[in-house]
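Below is one structure, written out as structure tokens; comments come after it.
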Protein chains: 2
Amino acid sequence: MASTIKDVAKMADVSISTVSRVINDSKPVSPEARRRVLHAIEVLDYRPNEVARSLVTKKSNLIGVIVDDIGSTYVSYVLRGVEEIGRMYNYDIILLSSYGDPEVEMKFSKLLFQKQVEGVIVISSTLNQKLMYKLEESKIPYANINRFYDIEEDLTVRINYEKVSSEMVEHIIENGHSNIASIAIRKDIDRTEEKYKVDGYESAMKNHGLSTRSLYTAGITEQDVLDIANEIDDAIENGTTAFFCSQDEIAVYLINYLVDRGIKVPDDISVTGFGGTGITNIYRPKLTTVKIPYYDIGAVAIRKILKVINKEEGLEERILLPVQILKRDSVKKLN
Amino acid sequence: MASTIKDVAKMADVSISTVSRVINDSKPVSPEARRRVLHAIEVLDYRPNEVARSLVTKKSNLIGVIVDDIGSTYVSYVLRGVEEIGRMYNYDIILLSSYGDPEVEMKFSKLLFQKQVEGVIVISSTLNQKLMYKLEESKIPYANINRFYDIEEDLTVRINYEKVSSEMVEHIIENGHSNIASIAIRKDIDRTEEKYKVDGYESAMKNHGLSTRSLYTAGITEQDVLDIANEIDDAIENGTTAFFCSQDEIAVYLINYLVDRGIKVPDDISVTGFGGTGITNIYRPKLTTVKIPYYDIGAVAIRKILKVINKEEGLEERILLPVQILKRDSVKKLN
DNA sequence: CTGTTAGCGCCTTCAT
DNA sequence: ATGAAGGCGCTAACAG
């Protein structure tokens with residue numbers, strides 16, 4: 001059995017209050033007493049029991065994080081930010097992976113409440129409104145981070161997808177392309193970031209008096225891309241020289257498809273993506289893409305929660321994260 | 001303020017003992033009392049406070065997981081297994097990411113002890129002996145999962161790298177190759193899985209009377225591979241037609257290097273890897289590689305810990321996980 | 001500066 | 001079958 005505050009008190013020949021005072025540095029303690037306590041702590045290898053401490057202080061220093069799949073790159077990148085900033089403020093992360101099951105997520109939230117977490121962060125690719133309601137009514141601070149859905153009310157951290165999309169399209173245009181198609185995900189597009197990307201694409205094109213061609217996939221799997229092969233072929237036959245894709249996965253599977261058909265990227269066709277995670281550094285050609293600051297998204301989310309917990313006054317500004325376009329090798333300069 | 005067991009007792013007009021009995025199903029309670037308690041719980045939306053519960057039962061149902069980088073594919077894949085199996089047994093995961101700093105890891109272990117975790121799992125790419133000692137002397141069950149180091153005493157879960165390496169080399173030989181080189185990581189090779197891989201390669205080659213050529217990198221970054229470009233070129237000039245690589249990253253960067261030099265894979269040169277994570281499905285050509293069961297590695301590790309916690313008698317067998325060779329497109333059949 | 005006391009919310013004997 | 005009482009390890013008044 002680990003030693004307790006009592007053992008330390010006994011050994012140092014003081015009361016447990018005094019021990020508590022030195023470990024918390026809460027009230028003045030005479031140098032002599034402090035010395036003895038410290039010594040006893042050392043000898044007994046005493047470590048305060050956080051569970052007991054939480055019970056009385058009502059602070060668990062725990063943030064619950066519900067994710068849909070810890071194995072996904074998106075989730076793990078966001079988690080980096082959450083974990084590191086949480087740590088800076090002495091908060092630990094309890095991690096729960098739901099694999100996208102909404103019912104499981106409901107159970108998780110209950111579990112987390114019982115564990116007395118002080119905040120909850122949800123990192124997912126799907127939407128679970130029921131979970132949001134439950135978190136809302138729980139009155140504990142929470143943040144919702146979603147890979148696709150970008151909903152005004154839920155917003156925690158946002159990115160100006162429309163603007164950066166326009167910039168990316170400008171970049172493609174500057175490289176001499178004029179027949180540029182976009183590919184985005186159709187599902188729930190009115191509530192996802194995809195809408196903003198397509199809007200950005202279309203407005204940039206219109207600003208240059210160019211006509212648009214917007215293709216849509218069902219998702220980001222290889223099959224989803226192959227399913228619109230006809231439309232891709234069609235675009236190319238009609239002179240499309242560049243594809244502005246709303247996600248790195250789409251871009252990469254598109255390139256795979258093109259290469260398999262003997263079409264070279266970027267020599268014959270240029271392609272851009274959105275995301276900028278590891279794969280885009282390894283894959284050849286190195287993808288020209290928008291680097292989404294996943295780490296910062298996580299960091300800002302937990303920071304916001306901690307602010308609420310600590311009742312920091314921070315004016316509730318909407319945080320808009322800057323993004324960066326990585327100009328690499330998948331866009332060719334036409335002459 | 002959330003309602004407590006007292007509130008429930010008052011509302012149901014019973015003692016807190018009775019409430020405790022129904023929520024834990026520990027002792028018989030009259031149907032009538034039970035009904036009233038359940039009703040009160042429902043109305044008050046009562047959820048037992050796990051912190052208080054842990055304090056008295058001395059069970060936190062928490063497993064601490066120290067990782068070097070939550071953002072790494074390796075870590076997140078292993079975590080999937082840890083999390084899911086932990087969940088099955090009602091254990092939650094506290095996640096700490098050290099970014100490889102040994103001192104930080106020491107602090108983490110202390111932190112975890114204070115949080116009263118019942119077990120600790122370390123998932124890393126580096127070795128922290130001090131941490132292992134500390135965990136060992138803590139007397140709480142722990143498991144050490146390492147991406148590279150494969151040390152007899154520390155073993156938690158193991159893989160027969162030598163055997164599968166031989167099989168992979170056999171596969172390459174069956175495809176008509178005879179001049180095959182290996183590439184592995186030199187660092188600490190006597191204590192890493194790399195040794196077994198090279199051994200497997202060499203023994204397969206010798207069994208076929210073929211001569212070996214073993215190259216070594218400093219690590220798995222792109223630069224590490226480029227640093228041995230001369231040796232790679234040299235091997236090719238000397239007739240090498242296939243490279244058996246000890247890690248997917250090495251294989252992929254090697255292919256990048258070769259392709260950049262106008263050498264086609266697998267048409268001119270065949271390449272195999274080790275790992276089988278997501279990237280190898282997306283990358284072209286699809287890599288022929290050994291699929292390491294990361295999920296199972298994590299699952300077995302936590303299962304082992306839970307066995308100790310629950311004092312299950314399970315004979316302390318050494319678990320050897322089966323692996324699978326993914327025969328895909330990066331090895332060409334020579335005629 | 002220090003010790004005593006009263007809980008935090010819950011489980012668990014021990015009586016009844 | 002049920003309630004009263006004690007205590008898990010710790011913090012926070014309250015006296016002194």
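Chain letters run A, B, ... following the sequence lines, proteins first, then strands; residues in each count from 1. None of the values given here were measured: they were computed from a predicted structure.
Residues A/Asp25 and A/Arg34 are paired through a salt bridge, judged by an N-O separation under 4.0 Å between the basic side chain and the carboxylate. Between B/Arg303 and B/Glu312 there is a salt bridge, since at least one side-chain N of the basic residue sits less than 4.0 Å from a carboxylate O of the acidic one. Checked for salt-bridge contact, A/Arg87 and A/Glu84 miss the test: no charged N lies under 4.0 Å from a carboxylate O.
Nucleic acid contact class of B/Val56 (heavy atoms, under 4.0 Å, all strands): base. Among the atoms of the strands shown, only primed sugar atoms or phosphate atoms (P, OP1, OP2) are found under 4.0 Å from some heavy atom of A/Thr4. Contact annotation for A/Val14: backbone-only contact, meaning every heavy-atom pair under 4.0 Å involves sugar-phosphate atoms and none involves a base. Looking at heavy-atom distances under 4.0 Å, B/Lys58 makes contact with sugar-phosphate atoms alone, never a base.
Rounding to whole angstrom units, CG of residue A/Asn61 and P of D/dT11 are separated by 13 Å. If you measure from atom CD of B/Gln114 to atom P of D/dC8, you get 20 Å, rounded to the nearest angstrom. Rounded to a whole Å, the CZ atom of A/Arg36 is 13 Å from the C1' atom of C/dG3. When the P atom of C/dT2 is taken as reference, atom CZ of A/Arg34 falls 9 Å away, rounded to whole Å. If you measure from atom CD1 of A/Ile16 to atom C1' of D/dT11, you get 9 Å, rounded to the nearest angstrom. In this entry the distance linking NZ of B/Lys27 with P of D/dG3 reads 14 Å, nearest Å.
Remark: A/Ser20 is in phosphate contact with D/dT11, judged by side-chain N or O atoms under 4.0 Å from OP1 or OP2. Using a 4.0 Å cut-off, some side-chain N or O of B/Thr18 falls inside it from OP1 or OP2 of D/dG3. Regarding contacts with the backbone of C/dC11, a side-chain N or O of B/Arg53 is found under 4.0 angstrom from either OP1 or OP2. In this structure, A/Ser30 reaches the C/dT2 phosphate: one of its side-chain N or O atoms is under 4.0 Å from OP1 or OP2. B/Asn24 has a side-chain polar atom (N or O) that falls below the 4.0 Å cut-off from OP1 or OP2 of C/dC11.
Residue-to-nucleotide proximity on DNA chain D shows that, of B/Ser17 and A/Leu55, the 5′-proximal contact is made by B/Ser17. Where B/Ser15 and A/Val51 each meet DNA chain D at their nearest nucleotide, the meeting point lying more 5' is that of B/Ser15.
If you check C/dT4, C/dT13, D/dA1 against the side chain of B/Pro28, the one that comes closest is D/dA1. Taking the side chain of A/Asn49 as heavy atoms from C-beta on, and the options C/dC11, D/dT11, D/dG9, the nearest nucleotide is D/dG9.
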Task: Criterion salt bridge (charged side-chain N to carboxylate O under 4.0 Å, His left out) on B/Glu103 and B/Lys130, from CA distance to verdict - done: CA-CA 9 Å; B/Glu103 285 315 310; B/Lys130 241 175 104 187; 3.4 Å; yes

TODO: Give the intermediate values and the outcome of ring-ring contact (aromatic ring centres under 6.0 Å, His included) for residues B/Tyr74 and B/Tyr294.
DONE: CA-CA 7 Å; B/Tyr74 168 72; B/Tyr294 298 109; 5.6 Å; yes

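Below the 3.5 angstrom threshold, one finds a donor paired with an acceptor across the side chain of A/Arg21 and the base of C/dG3.
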